[in-house]
Amino acid sequence: MELPNKYDPSLTEDKWYSYWLENGFFHSEPDEREPYTIVIPPPNVTGVLHMGHMLNNTLQDVLVRRARMTGYNACWVPGTDHASIATEAKVVEKLKSEGIEKSDITREEFLKHAWEWRDKHGGIILEQLKKLGASCDWKRTRFTMDPDLSAAVLNTFVYFYKKGLIYRGVRMVNWDPEGLTAVSDEEVIHKETDSKFYYLKYKIAGDVVEGECDHVTIATTRPETIMADVAVCVNPADERYFHLRGRNVIIPLIDKEIPIIEDDYVTMDLGTGCLKITPAHDINDYEIGLRHKLPVIDIINDDGTLNEKARILIGEDRFVARKKIVKMLSEAGLLEKVEDYKSQVGHSERTDAVIEPKLSMQWFLKMEDLAKDALQVVEDDSVRLIPDKFKNTYRHWMENVRDWCISRQLWWGQQIPAYYLPNGECVVESTFEKAFDAARRIDPSLKAEDLVQDEDVLDTWFSSWLWPISVFDPAKPGFPDKAPNADLAYYYPTNDLVTAPEILFFWVARMIMAGEEFCQDIPFRNVYLTGIVRDKQGRKMSKQLGNSPDPIKLMKEYGADGVRLGMLLCTSAGNDILFDESQVEQGRNFSNKIWNAYRLVKGWKVSDTMAQSDVNQLAVSWFASKLDKAIESIDEDFAKFRISDAVMTIYKLFWDDFCSWYLEIIKPSFIDGVQESMDKATFDATISYFDALLKILHPVMPFITEELWQNIEERKKGETIMLQQMPLSTGHDATLIAAFDKAIETVVSIRALRQLKNISPKEPLAVQVKSTYYPAIITSVISKMANVPNLQIVEQFDTTLAGQSFMVGTIEYFVPLEGMIDMDEEIEKIEAEIKRYEGFIKGVNAKLGNAAFVANAPAKVVALERKKLSDATTKIETLRARLATLK
RNA sequence: GGGAGCAUAGCUCAGCUGGUUUAGAGCAUCUGCCUUACAAGCAGAGGGCCAUAGGUUCGAAUCCUAUUGCUCCCACCA
């Protein structure tokens, strides 16, 4: 069969993925083997695959495939997250395009639309993961709003409520006027924003002493909130304002009198040192208001428009109102000046709307005790963060943790299981029936329709923090004493979690808390934190910038295997990766290299009667050692999660050691257009090496390795490389490898000489070496790889011949090159070489001549220095001798 | 403002507890090759004051201090 000289991924990827699925190779059930478990960080159900997912899921697939091949019962649980804000926003948008406003329909109708949306679009991302080759146990696919997972969330809420850790309270929250919901502190992104500092004049109420200023000037970035001012505040130490103690000022435009108060919070040299206090719309002002028992006037509606309490500009959006009020103030002569100002303004992570600090009734979970345990297990490395530099960040968070605002003013999500009686009393139960029973115990006359459930839903992270538990045993969360089911008992704690550092606190820390609370055990042992995928210029990939390649297109063009290799080569834990298509190209080229190595081996004729040559025998035993050595290094790298290093070792093992050296050495030559046969021993060894290499490569490049593994030898139906045992090292022969390295070095030197002297590789070359120090093992390799048919081992070089010499270690080689040598150039070169070694010796001697060094350094180090010295001395002697013959 | 991290070849990064021939890899570059597996390839080569300045040490890319430049996190000054 004639194979094309390019690998075509489109002919193999779908074929083998279907094969794996049909045979249920990804599915895991508890058995007597040790489990290896990963739960996927559930992507948004409405999401589409981006480069971050590619990196993240490639890493997980590599880990899980390796585990599967090293004897573990590997289970990778996939699923999606309901992502309340993001999904609700998408559904609202879709309805809007159909002319339906959310405010015009009922909660039930809206949820119907939302579920329809999720049934239609949800899970696209999971289909895309299949293209990547993700070996998830699809039978275990979960969704954070599956009925039993939602029940788990509600049970958890009830559990914490009854434990006294959940409470309801008025708090200043980060309000997203676009999403119409409160968002947590972590979902607020502070961005440096160009804004203006407006200097406003507030007239002083009452009489003013002759000659004194009749107003104070206040600097603010938010002039539209002046109507909500309840005081003006100065620093008690600020002499400029001593005379105004106890006075009132008048808010411009609405002519309302408010007091001047004093508080240390005010910085004297910022602005005018005079601060307006607006408790409803600023967190610090709110706190000052509490200290001074000031009223709260909330003039902004949920959607960011001004309400009637503002008295002016009612119904205007806050930013429109800002422009208008500046104009009004200016016309009234109350605007002193405007300065440009850069400030950090909070934006909603989901909608990018400017966050409005707002007082609102919310549900909170107390975090202090939960955080203590979750910190402890990371501190003592029960849960390992990779890289461990994130421990610092984690500690900082956990020591300064604030209560978690868990309510969201949305419909898509688990509705809070709190029910209100007409008298305002509240019962919390996991179902309406239970709540109704409980309410009836308070008020026996209560009717079902009188009991009203809280409108809010729970923060999405309040369901995803249960993920490692609820995907296995949804009945467990909320019931720490309940025995785990068989799945949970077997798969929990999971092994590795692969995720992004930005959700270390959001998600990782909280999973640890939930795990400790409900299972009295950590949810995972290792947390591998990937970096952010950035573009070549270091910008974060984003839809807005349009700088993110479409992963599906990328896989089509370069093959899933190529994309995987490209991503893996440039990722180290915790470091951002700068993505460039050339990396993926490298991956594709590697696929092609593997493909062509296969074509080569497949084309060989094998002879049963042919004896194995010396050089083949040497190559076979050398590669066995190289393979073992590489396996040892790869295993070590994986154990330390140095995945790109492991992948690079595999890459070089295949490309350099296997293809460039091993295959080239054993490759039968063509004589008169006819290919020579290969002896069976060498061929069999080669096939077994190829087989081992494919297995080692499989976790990284699953498709091409399955394709070639299926073809390189006869396979039975239902067999797969996926479930083969990963090759193990039997220990490598370091002496053999070192000797072979010398051969390689010699070959490279001869090739370089050829290039320098313009001698074609096809032209056989005579090379001499002195027998006194020559190790025989490398002769055959040099002969074949450097085209030196007869490496002459001589007593002395024939000094009557013109030629060139070179050294490998301390061994000197001589290549007679009659008529091709420029003597002066040669002498110059040798002299330069001598000079270099002399410099080197000087350095070594400086060390050895230092009594303190010899006395203090370990004997091993001193011995090494002496060896350096003697080697260099030998080299110089050899070079000097050569120089003498030339002169 | 507080904290953390990073700085090594053109690019992306290794370099682990200070000592292995006066620093390694991949990519890119340059040179020569269309050699019967692969030009998505082969062969060869060049390229670094290890950010700067001090210090510790027999010995520093590695440890310490300061400086500079980037990055991230936390808290925010209206």
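First the proteins, then the strands, lettered A, B, ... as listed; each starts at 1. Side chains are part of it too, since the values below use all heavy atoms of this structure and drop only hydrogens, waters and symmetry mates. The structure presented is a predicted model; accordingly, all values stated were derived computationally and were not measured.
Between A/Phe590 and A/Tyr651, the ring centre distance stays below 6.0 Å. Between A/Phe505 and A/Tyr394, the distance from one ring center to the other does not fall under 6.0 angstrom.
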What nitrogen or oxygen pairs link the protein and nucleotides 14-21 of chain B at under 3.5 Å?
from  : atom 1 : to       : atom 2 : distance (Å)
B/A14 : OP1    : A/Asn575 : ND2    : 3.2
B/A14 : O3'    : A/Arg642 : NH2    : 3.0
B/G15 : OP1    : A/Arg642 : NH1    : 3.1
B/G15 : OP1    : A/Arg642 : NH2    : 3.0
B/U21 : O4     : A/Asp871 : OD2    : 3.4

Between the protein and nucleotides 43-45 of chain B, list the N/O to N/O atom pairs that are separated by less than 3.5 angstrom.
from  : atom 1 : to       : atom 2 : distance (Å)
B/A43 : O3'    : A/Arg751 : NH1    : 3.2
B/G44 : OP1    : A/Arg751 : NH1    : 3.3

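The listed nucleotides are B/U22, B/C74, B/C76; the one nearest the side chain of A/Arg836 is B/U22. Nearest nucleotide to the side chain of A/Asp282, out of B/A37, B/C77, B/A40: B/C77. Distances from the side chain of A/Thr221 to the nucleotides B/C38, B/G26, B/A78 place B/A78 closest. Of the listed nucleotides (B/A37, B/A39, B/G41), B/A37 has the atom at the smallest distance from the side chain of A/Asn596. With B/C42, B/U35, B/C27 as the choices, the nucleotide that has an atom nearest any side-chain atom of A/Gln586 turns out to be B/C27.
Using a 4.5 Å heavy-atom cutoff, the side chains of A/Lys605 and A/Glu676 are not in contact.
The phosphate of B/C27 (OP1 or OP2) has no side-chain N or O of A/Asn589 nearer than 4.0 angstrom. Contact between the side-chain N/O atoms of A/Tyr265 and the OP1/OP2 oxygens of B/C77 is found at a separation under 4.0 Å.
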Intra- and interstrand pairs of RNA chain B - dot-bracket, Watson-Crick/G-U under 3.5 Å, | marks other strand: (((((((..((((.....[....)))).(((((.......))))).....(((((..]....))))))))))))....
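The CZ atom of A/Phe806 sits 9.0 Å away from atom CD of A/Gln804, with the distance rounded to the nearest 0.5 Å.
Atom CG in A/Asn592 sits about 8 Å away from atom P in B/A39, given to the nearest Å. In this structure, A/Ile665 places its CD1 atom 22 Å from P of B/U35, rounding to the nearest Å.
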Derivation of the side chain to side chain contact (heavy atoms under 4.5 Å, CB included) call for A/Lys6 and A/Asp8: CA-CA 6 Å; A/Lys6 299 263 190 295; A/Asp8 182 355; over 6 Å; no
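Using the six-membered ring where Trp is involved, A/Phe654 and A/Phe690 have ring planes that are perpendicular, over 60° apart on the 30 and 60° scheme.
Distance noted for atom C1' between B/C34 and B/A40: 14 Å (whole Å).
Remark: A/Lys875 is not positioned above the aromatic ring of A/Tyr837, lacking an NZ or CZ atom under 6.0 angstrom from the ring centre and at most 45 degrees off the axis.
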